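Taking it in order: structure first as structure tokens, then the write-up.
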Amino acid sequence: MKGSHLEKYIIKPSADGKGHVYRPVMIALLNRVTKVPESILKQTKIYSRSVVWYIPFYSARKGGGGITMGSDTWQSITFTENFFSSDQTHYKGKAYANDVQGWLSMSAHEAGHLLHAVRFRFLIIYLAFFIYQYLRYGHDAAPLEIEVEAGNQELKRFQIFLNQRYGPKSLEQLITSESKDEAAKIEQLEKWWQAYKVRNARLLA
């Protein structure tokens, strides 16, 4: 992870030294596309899967994934270890430490589950709801999964708008820009978001 896009632009070590947290521009973006309050996103810990905490169970060499846990007082997202690596050989082309888009998409999905953690209040209740729905509907068809995928779909629509109006990969370029500090990136993001909302309002008028 050292020296990667992930370390420089997406996450940073948490203040207490336990795991990581999203950087401000990521918090601002996820807040807009998922409607998760910034206060929740700021306190959410980001972890890499480990031998001690071996969840989620996805194969890292097949792309891996993430899992969100929490309650109304704490929240965390754990990603498979390939998300923290740039070793494409080891992970058969599925190492995502320099894949900004991969982190954006997965984060936009997983962040939606943070509201579920707050809604159900207790981890045991949160898990019970998911286990029931996965058994009854399957993972992708579970109502709670469909609900949070809306954030990822909103991210995609926002990116299509930006690509058409400001050029390909505008959002990724903003996030990885060396010429702007976090405050400037958030200011630009907000201008783009307002333009996106105005365009959507016109389409609905």
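No hydrogens, no waters, no symmetry mates; every other heavy atom, side chains included, goes into these values. Keep in mind that this is a model prediction, so the values were computed, not measured.
Using modelled atom types, one finds a donor on one side chain and an acceptor on the other under 3.5 Å when comparing H109 with E145. Using a 3.5 Å distance cut-off with no hydrogens or angles, the side chains of E147 and H116 do pair a donor with an acceptor.
A donor-acceptor pair is defined here as one N or O able to donate and one able to accept, closer than 3.5 Å; no such pair exists between the side chain of N152 and the backbone of A108. Side-chain atoms of E110 come within 3.5 Å of backbone atoms of T68 as a donor-acceptor pair (strictly under, hydrogens ignored). For the pair S105 (side chain) and G102 (backbone), a donor-acceptor distance under 3.5 Å is absent. With hydrogens and angles ignored, the 3.5 Å screen pairs no side-chain donor or acceptor of S177 with any backbone N or O of Q173. Within the 3.5 Å criterion, the main-chain N or O of K94 finds a donor-acceptor partner in the side chain of N82.
Under the rule for a salt bridge (Lys or Arg N to Asp or Glu O under 4.0 Å), E182 has no partner lying at least two apart in sequence or in another chain. Residues passing the side-chain contact (heavy atoms from CB on, under 4.5 Å) test with Y58, sequence neighbours excluded: P56, T80, H139. Shown here are the salt bridge (Lys or Arg N to Asp or Glu O under 4.0 Å) partners of D16, two or more places apart in sequence or in another chain: K45. Checked against salt bridge (Lys or Arg N to Asp or Glu O under 4.0 Å), R23 has no partners two or more places apart in sequence or in another chain. For D87, there are no salt bridge (Lys or Arg N to Asp or Glu O under 4.0 Å) partners, not counting sequence neighbours.
To the nearest 0.5 Å, atom CD of residue Q164 and atom CG of residue L162 are 9.5 Å apart. L29 CG to S107 OG: the interatomic distance, rounded to the nearest 0.5 Å, is 9.0 Å. Rounded to the nearest 0.5 angstrom, H113 NE2 and L115 CG are separated by 10.5 Å. How far CG of L174 is from CD of Q188: 6.0 Å, rounded to the nearest 0.5 Å. Note: S14 OG to K42 NZ = 15.5 Å, rounded to the nearest 0.5 Å. Separating the CD atom in Q159 from the CH2 atom in W192 is a distance of 10.5 Å, to the nearest 0.5 Å.
Nearest heavy atom pair, residue S86 against residue A97, reads N-CB, 3.9 Å. Residues K12 and P24 share a closest heavy-atom pair of NZ-CD, 4.4 Å. Among all heavy-atom pairs drawn from Q75 and Q43, the shortest one is OE1-NE2, 2.5 Å. Listed here is the closest heavy atom pair of A117 and G70: CB-C, 3.7 Å. Contact detail for G66 and M106: the closest heavy-atom pair is N-SD, 4.0 Å. A150 approaches R157 most closely through the heavy-atom pair O-NH2, 4.4 Å.
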Tell me, with the steps shown, if N98 and Y9 meet side chain to side chain contact (heavy atoms under 4.5 Å, CB included). CA-CA 10 Å; N98 287 309; Y9 308 117; over 6 Å; no
For Q133 and R136, what are the C-alpha separation, side-chain angles and deciding distance, and is it a side chain to side chain contact (heavy atoms under 4.5 Å, CB included)? CA-CA 5 Å; Q133 290 199 0; R136 180 172 180 180; 5.8 Å; no
Which is it for F161 and Y166 under the side chain to side chain contact (heavy atoms under 4.5 Å, CB included) test, yes or no, and what are the steps along the way? CA-CA 8 Å; F161 166 77; Y166 304 106; 4.2 Å; yes
Apply the test side chain to side chain contact (heavy atoms under 4.5 Å, CB included) to residues L104 and I175: give CA-CA distance (whole Å), side-chain angles for both, the deciding distance (0.1 Å), then the verdict. CA-CA 10 Å; L104 292 180; I175 291 173; 3.8 Å; yes
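Between L171 and L155 there is a side-chain heavy-atom pair separated by less than 4.5 Å. Between V21 and L41 the shortest side-chain heavy-atom distance does not fall below 4.5 Å. I11 places a side-chain heavy atom less than 4.5 Å from the side chain of L6. Contact annotation: the side chain of R165 never approaches that of Y196 to less than 4.5 Å [non-hydrogen atoms, C-beta and beyond]. Between V118 and I40 there is a side-chain heavy-atom pair separated by less than 4.5 Å. Residues S76 and I46 have side chains not in contact (no heavy-atom distance under 4.5 Å, counting atoms from C-beta outward). Residues S48 and E81 are in side-chain contact: their nearest non-hydrogen atoms beyond the backbone lie under 4.5 Å apart. A heavy-atom distance below 4.5 Å is found between the side chains of L189 and F158.
Aromatic rings of W103 and F79 (six-membered ring for Trp) have centroids within the 6.0 Å cut-off, being under it.
With salt bridges taken as basic N to acidic carboxylate O contacts below 4.0 Å, one links K8 and E178. For E190 and R32, the salt-bridge test passes: some basic side-chain N is under 4.0 Å from an acidic carboxylate O.
Under the 30°/60° scheme for interplanar angles, the aromatic rings of F84 and H20 are found to be tilted.
Surrounding NZ of K35 are more than 12 heavy atoms belonging to other residues, nucleotides or ligands, all under 6.0 Å away. The environment of R199 atom CZ is dense: over 12 non-hydrogen atoms of other residues, nucleotides or ligands sit within 6.0 angstrom.
Follow the hydrophobic side-chain contacts under 4.5 Å out from Y96 and you never reach Y91; the two are in separate clusters.
Here L144 sits in one hydrophobic cluster together with W53, Y54, I55, F57, I67, M69, W74, F120, F122, L123, I124, I125, Y126, L127, F129, F130, Y134; the rule is ILVMFWY side chains under 4.5 Å apart, joined directly or through other members.
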